[in-house]
Structures are given as C-alpha cells and as structure tokens.
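Residue numbers start at 1 and run along the sequence shown. All figures in this text were calculated on a predicted structure; none of them were measured in a lab.
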Amino acid sequence: MSDAPERGAGELVADPGAPETRRTARSFGAAASVYHRARPGYPPEAVEWLIGDARRVLDLGAGTGKLTEALVELDRDVIAVDPVEEMLEELEIAVPGVPRILGTAEDIPIEDASVDAVVAGQAWHWFTPARAVPEIARVLRPGGVLGLIWNSRDTSTDWLREAGEIMHERHDASATFETYVQVDRPFGPIEEHTVAWSKRMTRAGFLDLVRSRSYFITASESEQAATLAALETLLATHPDLAGAEELEVPYVTRCFRTRLG
C-alpha cells in the first residue's frame, strides 16, 4: 500500500491498527484497479541499485505490485506483503505466481533470517519505525539490505507545479524523504541514489493518476469533481500542453538503502 500521507513533513502514521489508518487502507482497496493502472513503475537502474546482489527479496507494503514487477523483471525471487487484500488481488493479476501474504511492517508473517533484502516502494511513511525496524531486521539475513524507494513528480515543471496546487498537495514530498528515512541500529549508514526520468501518458491517464492519490480518494464527491474540472482546464489551456496528444511527466526516483549490521 503506498501513497504519501496528507500530513506535515516528518510526521508518521502513529499506529497501523488505528481506525483512521484502517479507513485509509480500505479506501485504497476500493481504488486498487485505478491505482495499478495509473501509477508509474520504477526505473530498472534504480531498483538494481536498491537491492544489489540480493536474490530473495521481500516487497513490504507491496500494494498492487509496481515494485514487485520490477523485481521479477530482474529475475529475483520475490515475496509480496501488504495489509490490504484488494491490493494483493490486483498484484496477482499483474504479477501472477508471486507469493502474496497479508501482513504489516510491524508484524511480518515470514520466518527469521529468510530474505536477502526488504524493500518498500512509496510505503515507509505508513510504517511505525520503532516497531518495523526490529521486525525487518528479524526477517533479514546477516548483511541483508533494507531498501526504500520513492517516485516523485518533478514539480519544478511549471504545469506540474500548478497541478499540485489544484490538488492541494501540502508539501513537496521529495524534499522531506530524509525525515522519513531514519533507520536506527542494527542497521548501518544510509546510502542514497537518484534517477531522473519521464513517463509519457495521455490526459486521461494523468487524471487517473490523480484519482489514485489518497487526498482524492478520501475527498467528497463535490471536491473530487471540482479538482478534476480544474485540472482538465489546466491541461487544455496551459501553453506547454495546449494541443498535445500526450503529456511528458517528469519524475525523480529517490532510493535509500542500508545494510543490517
């Protein structure tokens, strides 16, 4: 399950079992199909850097399998864990044959020292580090990798900045990942790698991307309609986009990894 939460920089979900968190998780379940259809994948270069030579990889908070797909394409042995059943059902369609397990970062239902790497795509902010870090360390083999990865739209592009204002994005998540990535012992120093890339999509595809975001999913019908109407106007009138059949959406993928000491 993945998406940046609507909260200030550095704030984390307090309790994965809290009613508010469960409601948000269920909202993602209801939008699982549009989520998988709309969300971009991850550049192979970024994923290769993230896991190194790890062979058996646990995708934690796997959602509909965007990161799982990239791991399978790199010929890794992958296990997918997510707390939302509907997300894992979409993952089975996208990446058939990958073992799917209902679970959370704070309670990972696999054996001790059984994987070479644990990765999380767009999901670390859903975890409670004080409980998740020891649990991740438990399932990793000695020297194993914890890898965290985020796709972020490059809002230095004028029309994307305006789109973010329409969508009421409260902060640039790409500027605050370091506040999320605070991993204590028994893990070592954190390394970082960045990949810039772009994805071509139709206008309808971009609007589907908006529909997959938590702030849209949890908004009222009137708020959703107003957001889509304003975005459609922007896409039709912005000088960088007017008349374009497809949009070139720039992304930055930021990767963080640390090894179990």
Does a side-chain heavy-atom distance below 4.5 Å link Arg55 with Arg76? yes
How many angstroms lie between atom CD of Glu232 and atom CZ of Arg203, to the nearest 0.5 angstrom? 10.0 Å
Short question: side chain of Thr233, backbone of Ala229 - any donor-acceptor pair under 3.5 Å? yes
Report the distance from atom OG1 of Thr157 to atom CG of Asp240, rounding to the nearest 0.5 Å. 8.5 Å
Answer yes or no: is there an ion pair linking Arg141 with Asp116, defined by an N-O contact shorter than 4.0 Å? yes
If you count heavy atoms of other groups shown closer than 6.0 angstrom to CZ of Arg185, is the number above 12? no
At what distance, to the nearest 0.5 angstrom, does CD of Glu69 lie from CG of Asp59? 10.5 Å
I'd like to check Thr253 versus Glu45 (side-chain heavy atoms, cut-off strictly below 4.5 Å). Are they in contact? no
Verify, without hydrogens or angle tests, whether Gln224 (side chain) and Phe216 (backbone) share a donor-acceptor contact under 3.5 angstrom. yes
Give the minimum heavy-atom separation between Val133 and Asp184, together with the two atoms involved. CG1-O, 4.1 Å
Within a 6.0 Å radius of atom CD on Glu248, are there more than 12 heavy atoms belonging to other residues, nucleotides or ligands? yes
Does the side chain of Leu231 come within less than 4.5 Å of Leu207's, by heavy atoms? yes
For the side chain of Arg161 and the backbone of Ser156, is there at least one donor-acceptor N/O pair under 3.5 Å apart? no
Can any side-chain N or O of Asp154 pair as donor or acceptor with the backbone N or O of Pro250 at less than 3.5 Å? no
Minimum heavy-atom distance between Pro129 and Pro134, given as atom pair plus value: O-CD, 3.8 Å
Evaluate the side-chain contact (heavy atoms from CB on, under 4.5 Å) criterion for residues Leu260 and Leu146: first the C-alpha distance (whole Å), next the side-chain angles of each, then the deciding distance (0.1 Å), finally the verdict. CA-CA 8 Å; Leu260 184 64; Leu146 169 59; over 6 Å; no
Got a second to check how far Leu148's CG is from Gln122's CD, nearest 0.5 Å? 11.0 Å
I need the Ile110 CD1 to Leu58 CG distance, nearest 0.5 Å. 5.0 Å
Would you say the side-chain atoms of Glu90 pair up with the backbone N or O of Gly65, donor to acceptor, closer than 3.5 Å? no
With a 3.5 Å distance limit and no angle check, can you tell me whether Arg257 reaches the backbone of Ile149 through a side-chain donor-acceptor pair? no
State the NZ-CG distance between Lys66 and Leu71, to the nearest 0.5 angstrom. 13.5 Å
Verify the cluster assignment for Met87 and Ile93: are they in a single hydrophobic cluster under the rule of side-chain heavy atoms below 4.5 Å apart? no
Closest heavy-atom pair, Arg100 versus Leu88, reported as atoms and distance to 0.1 Å, is CD-O, 3.2 Å
Gly41 backbone acceptor or donor facing Asn151 side chain under 3.5 Å: yes
Minimum side-chain heavy-atom gap Pro40-Trp197 below 4.5 Å: yes
Residue pair Glu73, Tyr42: steps toward the side-chain contact (heavy atoms from CB on, under 4.5 Å) verdict: CA-CA 11 Å; Glu73 288 172 2; Tyr42 295 94; over 6 Å; no
Report yes if the side chains of Asp158 and His238 come closer than 4.5 Å at any heavy-atom pair, otherwise no. yes
Shortest non-hydrogen contact between Pro109 and Gly103, atoms and distance: CD-CA, 4.1 Å
Relative to the ring of Trp150, is the ring of Phe256 parallel (under 30°), tilted (30 to 60°) or perpendicular (over 60°)? perpendicular
Does any part of the side chain of Thr104, heavy atoms only, come nearer than 4.5 Å to the side chain of Glu135, both counted from C-beta? no
Apply side-chain contact (heavy atoms from CB on, under 4.5 Å) to the pair Trp159 and Leu235, showing each step before the final yes or no. CA-CA 8 Å; Trp159 74 267; Leu235 298 181; 3.9 Å; yes
Report yes or no: does Thr155 contribute a side-chain atom to a donor-acceptor pair with the main-chain N or O of Leu160 at less than 3.5 Å? no
How far apart are the closest heavy atoms of Leu67 and Gly121, and which atoms are they? CD2-N, 3.7 Å
Quick check: is Leu140 connected to Val145 through a chain of hydrophobic side chains (ILVMFWY, heavy atoms under 4.5 Å apart)? no
Phe187 side chain reached by Arg259 side chain, heavy atoms, under 4.5 Å: no
Can you tell whether the side chains of Arg56 and Asp77 come within less than 4.0 Å, N to carboxylate O? yes
Would you sort out whether Ile79 and Val115 count as a side-chain contact (heavy atoms from CB on, under 4.5 Å), showing the intermediate values? CA-CA 9 Å; Ile79 304 167; Val115 295; 4.3 Å; yes
Thr227 vs Ile166 side-chain heavy atoms within contact, under 4.5 Å: yes
